[in-house]
Amino acid sequence: MRRRSLLFAAVPAGLVTLAGCGDGKSDSSKASASPSGSASSVPPPKIVEGPLPAITAGAKFGEKPTVAKGSGEPSKDLAVKTVIAGGGRTVAENDFVQAHYLGQIWKSAKVFDNSYDRKSPLVLQLAEGSVIDGWRYALTGKKVGSRVLMAVPPTWGYGASGNAQAGIKGTDTLVFVVDLVDVFNSKSSARGKEVPQTDAALPKVGTNTDGNAPSVDIPKSAAPGRLVSEYVLEGDGAALKADQTILCQFRGVVWDGGKTFEQTYGSGRLSQFSLQQMQQVVKGLSQGLTGKKVGSRVLVVVPPDLAYGDTPPSGDVIKKGSTLVFSVDILAAM
């Protein structure tokens, strides 16, 4: 089982899951978060330049850093320093960031969590209630490609209760090094290379990359009766593994009639779901995405036996025996 980051503050906000396909509207994620506090009710911090401990090794972007023990008493304000200035897109509040990070305790320099050893950057939303407030305030306005060093007092970390699982006391100031790998929001699209769509018996999916919903044109022929998974835009990222969680844009259409039953486009939200959990909802979608590359747009045609079969969501455009068609932009994975 993949270890979940300690950074999450509560149930992630603004996520759409296909478990909510029944009403065609966006549902919040119901997944439980790792141990930490509830949504913030504290005022914004004053951001200061220090004090901050030195990075003594692993100084390059993407390298696992070694950070010195804090010297003296930490600031009671949020200390933030851009160690390496990136030139990518600017991060805004409520965006999803993909980042490598290391976290340790100011007084002891004890590392309580890091993504470098897992060789998998974290993907999280910089939204109130989704991540500790120190990250939300420190990273907003920074650019992709930046390395950010911060010292987070308890007020904007785990509060007076701390985090016993991580060995963090309610009085501990936390030090983080964060490498901003990428950023995503509701205007994000796959950025892969266009792949010719030559099979006239399959739906044709639009190749626009402007964050708007791609067209999905259903042919007049009968549905294929088998699972189909084809690239529309082929990315150059790693192939998805069956135990990963993905961040994506998607559009879901019923083959008969071509009516959209759910999509993230235009909702102001993205979708984040576990491929393992999707096996229990729309098995064919999970199977069709497994093995596909991050950064891709994928056409997935799901026959009834791998979708809802004879038990479709109530009150929906999905009927008994419906074949479902998905266009999925795989933005990131963890």
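Heavy-atom basis, side chains included; hydrogens, waters and symmetry copies ignored.
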Let me confirm one number: the [atom1]-[atom2] distance from [X] to [Y], rounded to the nearest 0.5 Å.
X	Y	atom1	atom2	value
Cys248	Leu289	SG	CG	7.5 Å
Leu52	Ser71	CG	OG	11.5 Å
Arg191	Leu331	CZ	CG	8.0 Å
Leu126	Asn94	CG	CG	8.5 Å
Ser271	Ile246	OG	CD1	7.0 Å

Salt bridge (Lys or Arg N to Asp or Glu O under 4.0 Å) assessment of Arg89 paired with Asp182: CA-CA 8 Å; Arg89 288 171 293 171; Asp182 212 339; 2.6 Å; yes

Would you check if the side chain of [X] reaches a backbone N or O of [Y] as a donor-acceptor pair within less than 3.5 Å?
X	Y	value
Arg297	Gly206	yes
Gln104	Ala68	yes
Ser296	Gly235	yes
Thr140	Tyr137	no
Asp329	Ala190	yes
Gln197	Val205	yes
Trp156	Asp77	no
Arg251	Pro214	yes
Gln272	Leu247	no
Gln98	Ala332	no

Residues Asp95, Lys187; criterion salt bridge (Lys or Arg N to Asp or Glu O under 4.0 Å); working and verdict: CA-CA 10 Å; Asp95 282 354; Lys187 292 296 184 183; over 6 Å; no

With Leu299, the side chain to side chain contact (heavy atoms under 4.5 Å, CB included) member among Val195, Val325, Asp199: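 For Leu299, the side chain to side chain contact (heavy atoms under 4.5 Å, CB included) test succeeds with only one of Val195, Val325, Asp199, which is Val325.
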
In this structure, would [X] and [Y] fall into the same cluster of hydrophobic residues linked by side-chain contacts under 4.5 Å?
X	Y	value
Met150	Phe112	yes
Leu227	Val301	no
Leu180	Leu149	no
Val123	Leu102	no
Val111	Ile132	no

Audit row: Lys142, Val80, side-chain contact (heavy atoms from CB on, under 4.5 Å) steps and yes/no: CA-CA 11 Å; Lys142 303 302 183 186; Val80 182; 4.1 Å; yes

side-chain contact (heavy atoms from CB on, under 4.5 Å) assessment of Lys293 paired with Tyr231: CA-CA 9 Å; Lys293 298 175 185 176; Tyr231 285 116; 3.3 Å; yes

Under 4.5 Å between any side-chain heavy atoms of [X] and [Y], yes or no?
X	Y	value
Tyr101	Asp113	yes
Ser186	Phe96	no
Leu124	Val97	yes
Ile105	Leu174	yes

Stepwise side-chain contact (heavy atoms from CB on, under 4.5 Å) test for Ser229 and Val298: CA-CA 7 Å; Ser229 178; Val298 182; 3.6 Å; yes

Check against salt bridge (Lys or Arg N to Asp or Glu O under 4.0 Å), Asp172 and Lys110: CA-CA 11 Å; Asp172 283 335; Lys110 176 188 175 183; over 6 Å; no

Whether Phe250 and Phe326 hold their rings parallel, tilted or perpendicular, with breakpoints at 30° and 60°: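 Rings of Phe250 and Phe326: tilted, as their planes differ by 30° to 60°.
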
Mutual orientation of the aromatic rings belonging to Tyr116 and His100 [parallel < 30°, tilted 30-60°, perpendicular > 60°]: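 Correct class here is parallel.
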
Atom CG of Asp236 with >12 non-hydrogen neighbours under 6.0 angstrom: no

Leu78 vs Val152, side-chain contact (heavy atoms from CB on, under 4.5 Å): CA-CA, chis, key distance, verdict: CA-CA 5 Å; Leu78 178 62; Val152 181; 3.9 Å; yes

